[in-house]
Amino acid sequence: MKIIKGAAAMFDRLLLLSPVLLFLPLVIPVPPPGNASPAPCRRCCDDLEPQEGPPVSGLNQIPEVRTFINMTILKGDKGNRGERGTPGKSGEEGAPGSRGPMGPKGTKGQAGPSGDPFKTQDAAFSVGRRKSLHSVDYYQALVFDTEFVNLHGHFDMFKGKFYCYVPGIYFFNVNIHTWNFKETYLHIMRNDKEQAIVYAQPSERSIMQSQSLMLPLELNDEVWVRLYKRERENAVYSDDVDVYITFNGYLIKPTLE
C-alpha cells in the first residue's frame, strides 16, 4: 500500500510540472551537412588553441578574414607614352555644316609674270582717188592717193593693195564715177583671181557705180581693184575738188586659232 501511495503522489507532481515542460526547448543533436565529421564538444574551460586537422564546419567555424588594399594610394610614376596605333577605318561622311561667317579680306598678292604680246585682231582701211584714170593696158591696178583710214598700215598706198595679216572674214566695197561716153570695167581681185565686177556701159551721162562683197582671207592674201581694157576705152572720173572713187574694207570676224 505504501508503494501505491508513493506512485500516486509522484504522478500528481508530474501533472503539475507538465505545462512547464512544454515550453522547454528540446536539444536534439543535428548532424553536420554533407559528409563532414561532427564537431567535438568543447567545454568552456578547455584550452582555446585550435585542434590539428581539417577546418571544422558548422556553427563553431571561425570566419575567414580577407585583407583589402586600396591601390590608389600605391600610385607610381607616370609611364612612357606608347606607340601610335594603326589608323582605323573612315567613318561615314557627315552632313554638310552650315556656312560660316565671311573671313577678313586678305592682303594683296604679288604681280604675276608678264603675258604674251597683244596680237592684233582688227584691220580696216578706207582710201580714195582724186584724179581721173584712163586704162593704158589690158590689166591695170587702180592706185589711190588719199588715205582716210589705214589701221596698222595693212593697205599699201603705192601698190593699191590690201595685205591680210589677220586671217578671217572681211567686207569690201568699191565706189566709182563713170565717164561720159566711156566704158567702165573693173574687178575686185583676191590675189590673181577675179571676185566681183563693177561695170557701166558708155553713156552720155556719168553715174555712180558701187560693188560690195565679203571674202574669207588667209594670211598674206592680197585684195585690190583692177581695170580691164577691151576694144573700147576704159576710164573712171574724179577731180581735185571731190573724191569720186573710194575703196574700203574691214575685218568682220578673225579666224580662231
Side-chain angles (χ1 to χ4, degrees), residues 115-180 182-203 205-240 242-257:
D116 297 332
F118 176 73
K119 296 181 180 180
T120 302
Q121 294 294 325
D122 54 6
F125 72 92
S126 180
V127 294
R129 182 180 176 92
R130 295 179 180 274
K131 296 180 180 180
S132 300
L133 178 64
H134 289 75
S135 60
V136 295
D137 201 350
Y138 286 104
Y139 301 108
Q140 182 178 351
L142 182 59
V143 180
F144 300 87
D145 53 25
T146 302
E147 181 181 274
F148 299 109
V149 175
N150 190 7
L151 290 181
H152 314 296
H154 293 177
F155 190 89
D156 190 335
M157 296 293 294
F158 298 98
K159 296 181 179 181
K161 294 182 178 182
F162 170 76
Y163 292 90
C164 177
Y165 294 100
V166 183
I169 306 298
Y170 284 80
F171 174 83
F172 295 98
N173 168 259
V174 174
N175 297 289
I176 57 97
H177 190 278
T178 64
W179 203 315
N180 296 1
K182 295 180 181 180
E183 186 179 45
T184 301
Y185 200 151
L186 300 91
H187 286 106
I188 299 177
M189 306 288 294
R190 176 187 177 187
N191 300 325
D192 295 329
K193 179 69 175 178
E194 302 91 346
Q195 301 297 315
I197 188 173
V198 183
Y199 180 76
Q201 293 181 345
S203 174
R205 296 180 58 187
S206 61
I207 59 174
M208 293 291 298
Q209 290 287 83
S210 179
Q211 181 65 281
S212 302
L213 78 165
M214 289 190 295
L215 294 175
L217 299 184
E218 302 294 336
L219 184 64
N220 296 324
D221 278 351
E222 302 174 2
V223 179
W224 50 293
V225 180
R226 184 188 70 180
L227 277 76
Y228 175 59
K229 180 182 179 182
R230 298 193 297 179
E231 292 78 9
R232 290 177 290 193
E233 188 176 9
N234 186 12
V236 289
Y237 176 82
S238 189
D239 58 34
D240 297 336
D242 297 315
V243 177
Y244 290 89
I245 304 170
T246 60
F247 182 30
N248 312 285
Y250 55 88
L251 175 65
I252 296 176
K253 181 180 180 182
T255 301
L256 298 178
E257 296 182 356

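When a residue number appears, it is its place in the shown sequence, counting from 1. Atom set for the values below is all heavy atoms of this structure, side chains included, hydrogens, waters and symmetry mates excluded. A quick note: this is a predicted structure, and the numbers were derived from the prediction, not measured.
- Here the CD atom belonging to Q195 is positioned 6.5 Å from the CZ atom belonging to R190, to the nearest 0.5 angstrom.
- Taking the six-membered ring where the residue is Trp, H154 and Y165 present tilted rings, their angle falling between 30° and 60°.
- Nearest heavy atom pair, residue P254 against residue V166, reads CB-CG1, 4.1 Å.
- A donor-acceptor pair is defined here as one N or O able to donate and one able to accept, closer than 3.5 Å; such a pair exists between the side chain of N234 and the backbone of Y228.
- By the 4.5 Å heavy-atom criterion applied to side chains, N175 and N248 are counted as neighbours.
- A distance below 6.0 Å separates the ring centres of F162 and Y170.
- Of all non-hydrogen atoms in T178 and S206, the two that sit nearest each other are O-CB, 3.1 Å.
- Checking side-chain atoms of N191 against main-chain N and O of E222 turns up a donor-acceptor pair under 3.5 Å.
- Looking only at side-chain heavy atoms (C-beta outward), Q140 and L133 come within less than 4.5 Å of each other.
- A donor-acceptor pair is defined here as one N or O able to donate and one able to accept, closer than 3.5 Å; such a pair exists between the side chain of D145 and the backbone of R130.
- What you find for G128 and F148 is that their closest heavy atoms are N-CE1, 3.8 Å.
- Counting non-hydrogen atoms of other residues, nucleotides and ligands closer than 6.0 Å to CG of D192 gives a total of 12 or fewer.
- Residues that satisfy the side chain to side chain contact (heavy atoms under 4.5 Å, CB included) test with S203, not counting sequence neighbours, are R205.
- Atoms CD and CD1, on Q201 and I207 in that order, are 9.5 Å from each other to the nearest 0.5 Å.
- In this structure, the separation between NZ on K253 and CD1 on I169 is 8.5 Å, given to the nearest 0.5 Å.
- Taking I197 as the reference, Y185, H187, Y199 meet the side chain to side chain contact (heavy atoms under 4.5 Å, CB included) condition, with sequence neighbours excluded.
- Considering only heavy atoms from C-beta on, V236 comes within 4.5 Å of L186 through its side chain.
- Between N220 and E218, the closest side-chain pair of non-hydrogen atoms is not below 4.5 Å.
- The two atoms that bring L217 and C164 nearest to each other are CB-SG, 3.7 Å, heavy atoms only.
- Of the possible donor and acceptor atoms, one in the side chain of R129 sits under 3.5 Å from a partner among the backbone N and O of V143.
- Closest heavy-atom contact between S132 and S238: OG-O, 2.7 Å.
- Between L142 and I245 there is a side-chain heavy-atom pair separated by less than 4.5 Å.
- Here Y163 contributes atom OH and W224 contributes atom CH2; the two are 10.0 Å apart, rounded to the nearest 0.5 Å.
- Surrounding CE of M208 are more than 12 heavy atoms belonging to other residues, nucleotides or ligands, all under 6.0 Å away.
- Side-chain contact between E147 and F155 is absent, with no heavy atoms from C-beta onward closer than 4.5 Å.
- Taking the side chain as every heavy atom from C-beta outward, S210 and N173 approach each other to under 4.5 Å.
- The aromatic rings of F172 and F125 lie tilted to each other, with the angle between the two planes from 30° to 60°.
- Counting non-hydrogen atoms of neighbouring residues, nucleotides and ligands closer than 6.0 angstrom, the CD atom of E194 exceeds 12 such neighbours.
- Aromatic ring orientation, Y250 versus F171: tilted (interplanar angle from 30° to 60°).
- From N180, atom CG reaches atom OH of Y237 across 9.0 Å, with rounding to the nearest 0.5 Å.
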May I have the step-by-step check of side-chain contact (heavy atoms from CB on, under 4.5 Å) for N150 and V127, ending in yes or no? CA-CA 8 Å; N150 190 7; V127 294; 5.8 Å; no
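- Using modelled atom types, no side-chain atom of T184 and backbone atom of A200 make a donor-acceptor pair closer than 3.5 Å.
- Rounding to the nearest 0.5 Å places CZ of R226 at 12.0 Å from CD1 of I188.
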